Structure formats: structure tokens, C-alpha cells
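Within every chain, numbering begins at 1; the chains are lettered A, B, ... in the order of the sequence lines, protein sequences first and strands thereafter. Keep in mind it's a predicted model, so treat the numbers as computed, not measured.
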2 protein chains.
Amino acid sequence: MTRIQKVAELAGVSTATVSRALAGKPSVSPATRERVERAARDLGYVVSATASSLASGRNRNVGIVMPFLNRWFFTTAMAGAHRVLTDAGYDVTLYHCEPNRLDDPDGADNPRRSRLFADSLLRKRTDGLIMVTLSLTAAERTSLHGIGKPVIALDRPQEGITALAVDNLAIAHTAMSHLLELGHTRIGFVGGIVPYDLDFHVPLLRRQGYEASLVDAGLEIDPLLMCDAEFTVDGGYDAASQILGAGEPPTALFAASDELAIGAHAAIRDRGLRIPEDVSLIGIDGNPLAEVFGITTIDQHPDAQGAAAARELLKELEPTSPHAAAAVRLPFELVERRSTARARD
Amino acid sequence: MTRIQKVAELAGVSTATVSRALAGKPSVSPATRERVERAARDLGYVVSATASSLASGRNRNVGIVMPFLNRWFFTTAMAGAHRVLTDAGYDVTLYHCEPNRLDDPDGADNPRRSRLFADSLLRKRTDGLIMVTLSLTAAERTSLHGIGKPVIALDRPQEGITALAVDNLAIAHTAMSHLLELGHTRIGFVGGIVPYDLDFHVPLLRRQGYEASLVDAGLEIDPLLMCDAEFTVDGGYDAASQILGAGEPPTALFAASDELAIGAHAAIRDRGLRIPEDVSLIGIDGNPLAEVFGITTIDQHPDAQGAAAARELLKELEPTSPHAAAAVRLPFELVERRSTARARD
DNA sequence: CGCTACGCTGTAAGCGCTTACAAATGAAGC
DNA sequence: GCTTCATTTGTAAGCGCTTACAGCGTAGCG
């Protein structure tokens, strides 16, 4: 006897009615619903997710796919999505998509990733997917389309996939404007000349914004003022050190993320320079760490980004609910702290 | 016609054989297996996880339950577990368990958490659970036992639950020994006089280790040298500031985590003190951030802890595989960097 | 040569739910 | 009173797999 039958028996109704009552369907009389709920509670009955999925075709489970499982930006966005999804009654299963390296753009040598797209994601465990900052190969996109389920890409527009992305060019522009308005003309850029890997184009966009702002301001682009960096504190330290040690030093540093900025902060101090007296410093993200160091930043609210992506997915998953038709905007804003100041004359 | 039937037809066998072949069962002749695999590949067939779960009773999915979804220690441990589990063919679904606050120890006012234990976790979506640093109420433990599935607790021993935990007393002792051997006698403690919340007892254990070390060394415990802190960089900054500002300042600070230590690092510098000349500083965790600041730490390899928990769970999930009978040890070690030095006379 | 043993495959009964459809009930309208 | 219709409930057919059991062919053995 299946478990639902026991509940049906106790409540004196059919299993169909139990199913309907527990699913909150409208076509159940209040009295019956009450009896069923009591019976379920008394028996400690909870609907089996698998049986329900198989019968209904809906999993109440969404997948979140991320290239990094323990970096602040990613986990914070994930947490934002997670909250929205669980509040809507969904579970979330987390998939790790290893980035494809530049020397292996098709992921031929990336077995875990291959399995992800050829297997795990196709198992019909989820009703939809949120992919964070990933760049998919054509084959992967095809594979994803094959499952016929809604996919939202966060912070990386993808051909044929609904995407939510913050305007990285505008972010970079905002940061640069702040520095330029303070009178800085020698501004260094920390992070992202060459993409670290194919699944993380954000650095590139931010550098383009940096260069465009320079050009707009009539300043020239000095390669000595730019340095590649992995998107970590370490990377920021090394890149900033290199910029500060080469040629005429900058009076301001624009780091493509807060983690890079924190590394740069340490590098600047370790060279005996003062912030902001000798060097102004600005980052991007809204990482709480930056606050401790008093680093000015552009907060892009990753938590809210994740939440927005989740709501967007939910809209596709539950067409019944009212569509908030408005296009989603992912806001960001300058947060001035003590790491930026007027340039010395 | 169900999808598996198409494969069966194409391969010229029964669905039973397809199932067996694709599941890697031994009782399939090589030739048949080959034909089935080809047919599946040609049709782009992948077994439906839900149907398979319902029929077999195994989900190939484990749940990881964490109090914080975006803090370094937790996500790093989770990533370690995730890798082991996905390599073993499991998916992982992530559950957020909101910590119970001190003023609400039973979680009466914690609806998300109630739903987690009364509903989400009971839906039979997972084959087992890993709970990270959580303290369960009696009711929650009962509820968990009810589902009759293996549960591993990481870093928080629980009555009636298999637990893996690093020896926090020993960790604290190692850190203190390092400081004491360098001749420090006024050592402050940053973080964890009173538990931040009921689900995170680690701070308490570390403080106990701190006090025990002091006593062992014949030193006295000075309340002015200890300060509570939330386990964040911010918290470390504030707590360290307070300790440095009260009474006779310490010559060394022991922070209960690397994040706290980084905050303390900033606080020390902001007071115009030098590290390590004026104040030595040691943290705990192995957070890569600490490296950038040259902070000495006790690395407890959270990634490895997560992986160990996952392997432990896998052992219970797949009794067929050979038991590595050895008890699991979670190692840690002192990593000396430039933030600790001999005390001035 | 008959019998057991073994390896491989097929048959078919579920796994625990959901839901289309049918049926029963009662209220409302004429 | 009879029809119509909405509301509530029940009946039963799956959802797409897995697996116990049975069956078949061949090999080994006395």
C-alpha cells in the first residue's frame, strides 16, 4: 500500500482527493481539505518528490550551473536565486561547470564538463536552469535546447538563451568617471587584458569600458598601465605590483573587481605608498570585504542579480502567475569610500 | 511509447536489457551492451532520473545543508564534497538552513527552517545528507531519523548522527603554542565568547582552546583581551579595535578565523601599529586571502573536509564498495607567514 | 545422453503519485 | 418536477523506468 493510500484511508477519501488537497488545488471542499491535512500530519506524510515528478512531469527543482563554487560573487548570486526559488517551493541542485581554458576552447579535454552537458543536465531532474557567467559552446547550446526547458543566463548573453546581464561597460564607465572627475589622468587597470578563461568574459568588458572612458576623456591608452590578473586577491596583488613598478606610476588604479582591488590595496601599501594620498583605488562588485579596507567600489548587488534571474525563470516555469512585463534592469551604483581622492596637482 | 522503448527497439532487445546495459550491470553480454549503447547515443537517450528513482528507490542525489551559502569556509567545504559526489555520479541539491538565533533556540520563529525539516528534506529527493556545522534541535533530529537515510554531520558532532569534525581544541592549542613559543604572554582572542548563533559552535571551542592554553602556560585569563565577534572581516575589525583600545594592549592576537584575522589586520594597521613588530597575528582556516596579507594561520583544509564527508556518505550509500575502515582524520597544520614574530622583551 | 549449471535475455509487475474523465450531488431556473 | 450546471469526488490509466522471476540455449559432467 502506497503511503498516499494510508492518508486517503485515514481521511476517508480517495487518493486523488488527497493528491488534490495536498497540492492546494481549488477543487477540494474546505472540510475535505481539512480532514486530509490532518490525516497527513498525523501520519507524518509528505508527498514523494520523485513519484510526483514522474506523474506530473514537473520536478519543482531548478539547476544552477556555476563555473566556481566558492567565489564570493558566484555564491552570493546563487544565494539570491536560492532564496527566491525555495520561497517559491523549489529545490535547487547545483552543478559545477568547469571553465574551458583558452587552449581548449571546445572542452575536448574537459571530461567533467562534457559529462555535465551530455548527461547530468539531461536527466530531467530539473524544470529549468540558471547559468552564471558561462559561455557555452555551440554543441552545449544545442544539447541544452534539446531538453526543451527554460534556461536563464546570468551576466553572459548567449545566443538563443534568455539572458540577464548587468551593463559592464556602463559600470566601468561609472568607475572611470569618478576617477576622471577627481582629476586623475594616469589611471591603471588591474585585471582582464586577456580573458582568464572562456567562461568569464566580464573582465574583457570592463577593460573595454576602461579604454573607452580614456579615449572619451582624450587620454591615451598606455599598455604599461594595464595588467592581466586572475580574478582573485592574489591576482590583484601581482598585477598592481607590476603596474606600480613599470614606467611612470599611476595616480589611480581601477580594479575590475573588489577582490582584485583588495590585492591591489595590499600591493600599494607594501610599496610604501598611501591610499588615497599617493594612489586612489576603485573596485567593482560590492564585496563586503572592500568596506573594511575603505575601498570605493561600484556595487552591482550580485544577490539581487541572482534573485532577478530566479524570478525570471519562475515566470517561464509558472505562466499562470502574473507577468511582470517590465524588462529586468540590474542596477549598480558608486559607493564612495576613503580609497579615492582628488589627484595631486 | 516511452523513450527507453525506442532504444530497445533500435537495439533489438527488451527494455529490461536496455536498463541493465545502461546501468552497467554485469549480466549483459558485451555485444548487446555495445548495441544498446550505440542506440542510446544515436537517439540522444539519457535515462530519466525521476523514473529511475521511482522504480529503483535510489535517487543518486545527495543534499548538502548549510547555514551560510556564500561564506568561504562553507562553500569551500561544499565544493570539496561536490567534486567527490559528482565524480561518483551523484547530483547535489543544496539546502539552506537558517541558523537559530540565541533568543529563539527552538526556531519557533524561523519558518524557512521549519519548512526545511518538515517538508523539503522529507520529500525523498535525496539518498543522504551532509550537514555542515549545524546544531539540530531534538525535533529536527527526530525528523531526520524518520527518513531513514544516512546523514553525515561535518564539524559539529550530533547525537545519533555520524560526524566528522576537526579537533578545534587542538587547533586552538597549536595556534597558541606558536605564539607562546615566540615568547608572547599577553595574547588577545578575537571572536567567540558567546556563540553568534546556535548553529555555529566552532568559535566557542576555539576560545576554550585559547583559555586552556593560557592556563597550561601558567598565564591568567584577562577578559579585556577577549572580544566577541561575528565571524566576518567586519567583526574582526571591530573586536580587534576594542581589544587594542582597552587596558594594556596585547603583543599578539589570536583570531578564531582568517576572516576575523584579516579584519584584525586592518584594525591593527589603522591604529598605527606594525605587524609583526608591535603585534603578532594568527588566524585559522587556510583562507587564501590570509596569504595575501601574510597572516600566519592554521590551515584546516575545508575542501578536504567536505571531500571526506562526501566519501563517508558514499560509504554508507554504496556498501558494496570496499570500506576504507580507517577512521577519518581531519588534518590541520600551522602555516607560518610574516604576521607572527618573537615578542619584544 | 541426460542432467545440472550458468550466462544471458525477456516478461510483467510494480515504484507512488497525478489527472483526464466520469459520476454523483445539490442548487438554480423554468 | 425536470433540466442544467457547477461543485466535489472517485475511477483508473498512466508517468518511464527497474528488477524478481522465468525461460532459453549452451556447456560441462558423470
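Atom pair A:R33:CZ and D:dT8:P shows a separation of 9 Å (rounding to whole Å applied). If you take CD of B:E34 and P of C:dT9, they are 13 Å apart, rounded to a whole angstrom. Straight-line distance from the CZ atom of B:R123 to the C1' atom of C:dG16: 14 Å, rounded to whole Å. Distance, B:L22 CG to D:dC17 P: 10 Å, rounded to whole Å. Here C:dG14 presents its P atom at 19 Å from CD1 of A:I4, a figure rounded to the nearest Å. Put simply, CG on B:L122 is 16 Å from C1' on C:dG16, counting in whole angstrom units. Here the P atom of nucleotide D:dT19 and the NZ atom of B:K25 are 4 Å apart, to the nearest Å.
For the atom pair OG1 (B:T137) and CZ (B:R113), the distance works out to 6.5 Å, reported to the nearest 0.5 Å.
If you check every strand for non-hydrogen atoms under 4.0 Å, B:S14 touches a base. Heavy atoms of B:V18 sit nowhere under 4.0 angstrom from any nucleic acid atom.
Among the nucleotides C:dT9, D:dT9, C:dG10, the one closest to the side chain of B:S27 is C:dT9. When each of C:dT11, D:dG10, D:dC17 is scored by its nearest atom to the side-chain atoms of A:T17, the top-ranked nucleotide is D:dG10. Comparing C:dG10, D:dG10, C:dC17 by their nearest atom to the side chain of A:Y45 picks out C:dC17.
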| Hey, mind stepping through B:D91 and B:N61 against side-chain hydrogen bond (donor to acceptor under 3.5 Å, both in side chains) and telling me if it holds? | CA-CA 5 Å; B:D91 284 350; B:N61 186 30; over 6 Å; no

| query | Between B:E140 and B:Q158, does a side chain to side chain contact (heavy atoms under 4.5 Å, CB included) hold up when you go through it step by step? | reply | CA-CA 11 Å; B:E140 288 166 353; B:Q158 298 278 323; over 6 Å; no

| task | Please report the C-alpha distance between A:T76 and B:N70 in whole Å, then the side-chain angles of each, then the deciding distance to 0.1 Å, and finally whether the side-chain hydrogen bond (donor to acceptor under 3.5 Å, both in side chains) criterion is met. | result | CA-CA 5 Å; A:T76 301; B:N70 70 342; 3.1 Å; yes

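For the OP1/OP2 pair of D:dC15 and a distance below 4.0 Å, the side-chain nitrogens and oxygens of A:S56 include no atom meeting the criterion. Contact annotation: A:S19 does not reach the phosphate of C:dC17 (side-chain N/O to OP1 or OP2, under 4.0 Å). A close approach under 4.0 Å does occur between a side-chain nitrogen or oxygen of B:S29 and OP1 or OP2 of C:dT9.
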For residues 141-149 of chain A, which side-chain donor-acceptor pairs fall under 3.5 Å, sequence neighbours excluded?
unit_1	atom_1	unit_2	atom_2	d
A:R141	NH2	A:L136	O	3.4
A:T142	OG1	A:A138	O	2.8
A:S143	OG	A:F117	O	2.8
A:H145	NE2	A:G160	O	3.2
A:K149	NZ	A:T126	O	2.8

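Between B:A23 and A:V28, the residue whose closest nucleotide on DNA chain D is further toward the 5' end is A:V28. Nearer to the 5' terminus of DNA chain D, by closest-nucleotide assignment, is the contact made by B:S48 (compared with the other of B:S48 and B:R20).
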